[in-house]
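All residue numbers in this chain count up from 1 along the given sequence.
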Amino acid sequence: MQPVSSEQIRHHDVATAAPSDGPNTRKAARIVTPGRLATAVGLAGLLYRVLLVALDVPPSNSDEGTAGLAALHIGEGRHWPVFFYGQHYMGALHSYLAAPLVQLFGTQWWVIRVPALVMYALFLLALYQLTKTLYTPWFATFAVTIMAFGSDRVVKDQVLGVGGYSDVATATAALMAASALLALRRARGPGIYFGWGLLAGYVVWTHWLALPYVATAVFLAGWAGREVLTKGRLLLAATGFALGVAPLIWDNLRPGNPDSLSVLLSVSGTAESAPLVDRLHGAVLLGLPLSSGVCGPSHCETWQMWWGPVYLILLIAATIMAAVSFRRADTRDRRLHAGRLALLASGGLTLIAYVLSASSALTPVESARYLHYGLVSLPALLWPLWAGLSSAAPGNPGANHLTTVREVGGGFALTVARVATIGALVGSLLVASGQLVVHQPQYAAEADNERQLKDQLLAAGLTRIYTEYWTCDRLAYASAEKIRCAVVDDNLNRGHDRYRPYRAQVERADRVAYVLPRASGLADTFARSIPTGVQVIEIRDIGGYRVYVCHQRQ
């Protein structure tokens with residue numbers, strides 16, 4: 001058997017779909033191309049998300065409200081934040097993109113989500129290009145189909161107007177696609193080097209959780225392109241990187257600002273104590289299924305956890321497959337397999353970093369978003385399934401070229417296992433997407449409660465409030481800052497204020513309201529221990545909140 005050839009792999013799907021039954025078959029083959037089908041599926045995935053946003057799915061939260069407030073301030077020329085309000089990491093580009101829309105259409109939730117929807121469309125384009133470059137066009141179409149599904153966790157990461165996830169996933173996929181094109185010498189013009197550097201710099205500025213992809217992209221482009229990396233091209237890449245990372249450098253050099261590395265390390269959870277078994281449970285059995293889209297809203301049924309162990313098996317199988325191919329291939333094809341190994345290494349390092357963080361054990365459901373960038377590597381994991389089925393197809397003229405697939409394992413039983421795995425994955429994605437749709441009335445009720453709370457507070461003139469974190473900036477944004485808030489913790493002490501000027505305004509007010517969710521127990525805590533200097537005037541129940549109208553002595 002001969003080693004696999006990059007050109008044979010690239011055209012393998014085309015060969016298996018070659019027309020053989022006359023002009024009608026040839027005409028159909030010309031109409032239904034991988035690119036056209038991927039476009040149709042991608043548009044369906046985008047329309048699905050647009051409809052969800054129109055139906056108040058997913059529900060808003062205070063992080064989204066914080067990004068919306070930054071967009072409002074940027075549009076008014078009041079502030080020019082480098083990072084998400086209240087922290088010195090996670091770039092604020094999303095708020096800059098949303099700022100003109102907020103000025104035009106007001107502080108509606110769909111407005112702050114428009115840039116994220118655009119980023120999702122660009123993510124599909126970048127992922128298609130990446131998968132087509134390293135694998136085959138029809139497999140790239142399959143990858144886009146997988147990404148068109150949308151479970152609760154996946155949709156939240158893709159459409160919430162927070163930034164740091166939808167935009168960084170898009171930049172990461174584009175960075176890896178550019179690296180693959182550079183490695184395979186398919187890129188034309190010096191501009192791609194500048195663009196490559198700009199994407200890498202943007203990721204470093206915006207969210208360091210994607211650093212494994214930057215590291216492997218640098219290694220891949222440097223190793224595979226070392227013979228063609230002239231001083232001019234290196235200068236273009238360095239210039240692009242410097243431009244992309246410039247906001248982070250500028251902010252860190254300002255006197256009095258803490259450095260982003262120290263801040264990020266302090267909140268990463270790597271120093272917190274949590275048993276390894278709990279970290280593995282949270283990362284593998286919860287994090288991977290949630291972030292891949294096979295679980296329902298904020299919950300994984302036991303039967304949905306199957307994807308975690310299978311993910312690890314596929315990661316190992318795909319790595320072995322790519323490593324064997326790399327070792328046996330010629331110089332040109334080694335660059336192809338190096339690109340695949342870079343994708344797999346990035347996904348593996350992302351998972352390892354998550355396991356090292358105590359968040360995987362302490363808050364596994366909410367923190368599953370930290371694995372969102374692993375979607376970029378998902379096609380690389382699924383390739384052994386696709387390639388194995390293609391090589392087993394009867395009459396396949398390219399089957400003999402896929403030697404690595406047969407060496408990893410073949411036969412009828414393994415073919416059945418591949419079909420079952422793909423079927424189970426697609427079925428799980430469908431079920432999880434359906435669970436999100438079924439959950440829509442509950443999310444819509446939450447949105448109605450928020451509107452009711454906002455309207456009644458404004459009607460009563462209660463514009464200075466104390467409340468918990470997940471309500472504060474949500475109300476401030478939705479009311480276009482008519483309501484200003486200060487955050488309290490579980491003991492009614494000072495909480496985490498994202499936009500700090502609000503607190504002074506609330507503390508100076510004579511008439512304030514404590515707006516406390518009844519389900520959280522905060523209302524009962526307030527009733528038992530009213531803060532010093534506060535006199536309760538009136539008690540109201542609005543939706544799921546108990547509102548204590550108070551006079552506040554200065």
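- For the salt bridge (charged side-chain N to carboxylate O under 4.0 Å, His left out) test, residues two or more places apart in sequence or in another chain that qualify with R254 are D251.
- Partners of R464 by salt bridge (charged side-chain N to carboxylate O under 4.0 Å, His left out), not counting sequence neighbours: none found.
- Y96 is linked by a side chain to side chain donor-acceptor pair (under 3.5 Å) to nothing, counting only residues two or more places apart in sequence or in another chain.
- Using a cut-off of 4.0 Å between Lys/Arg side-chain N and Asp/Glu carboxylate O, R78 and E481 are scored as salt-bridged.
- Legend: residues meeting salt bridge (charged side-chain N to carboxylate O under 4.0 Å, His left out) with R451, ordered by chain and number and at least two apart, are D56, D448.
- Taking the salt bridge (charged side-chain N to carboxylate O under 4.0 Å, His left out) definition, one finds that E446 meets it with nothing, sequence neighbours left out.
- E507 pairs by the side chain to side chain donor-acceptor pair (under 3.5 Å) definition with R503, not counting sequence neighbours.
- Q505 is linked by a side chain to side chain donor-acceptor pair (under 3.5 Å) to R484, counting only residues two or more places apart in sequence or in another chain.
- Judged purely by distance below 3.5 Å, without hydrogens or angles, the side chains of R279 and Y354 never pair a donor atom with an acceptor atom.
- Under the 3.5 Å distance criterion, with hydrogens and angles disregarded, no donor-acceptor pair is assigned to the side chains of Q435 and E301.
- Checked by atom type, the side-chain pair T66/D473 shows a donor-acceptor distance below 3.5 Å.
- Listed by first and then second residue, the side chain to side chain donor-acceptor pair (under 3.5 Å) pairs involving residues 110-122 are R49-Y120, E64-R113 (not counting sequence neighbours).
- In this view, F526 and Y514, Y548 satisfy the ring-ring contact (aromatic ring centres under 6.0 Å, His included) rule, not counting sequence neighbours.
- Take S433 and apply the side chain to side chain donor-acceptor pair (under 3.5 Å) test, not counting sequence neighbours, and it matches no residue.
- Listed by chain and residue number, Y499 satisfy the ring-ring contact (aromatic ring centres under 6.0 Å, His included) test with Y502 (two or more places apart in sequence, or in another chain).
- Applying the salt bridge (Lys or Arg N to Asp or Glu O under 4.0 Å) rule to pairs touching residues 145-163 yields D152-K156, R153-D157, R153-E366, sequence neighbours excluded.
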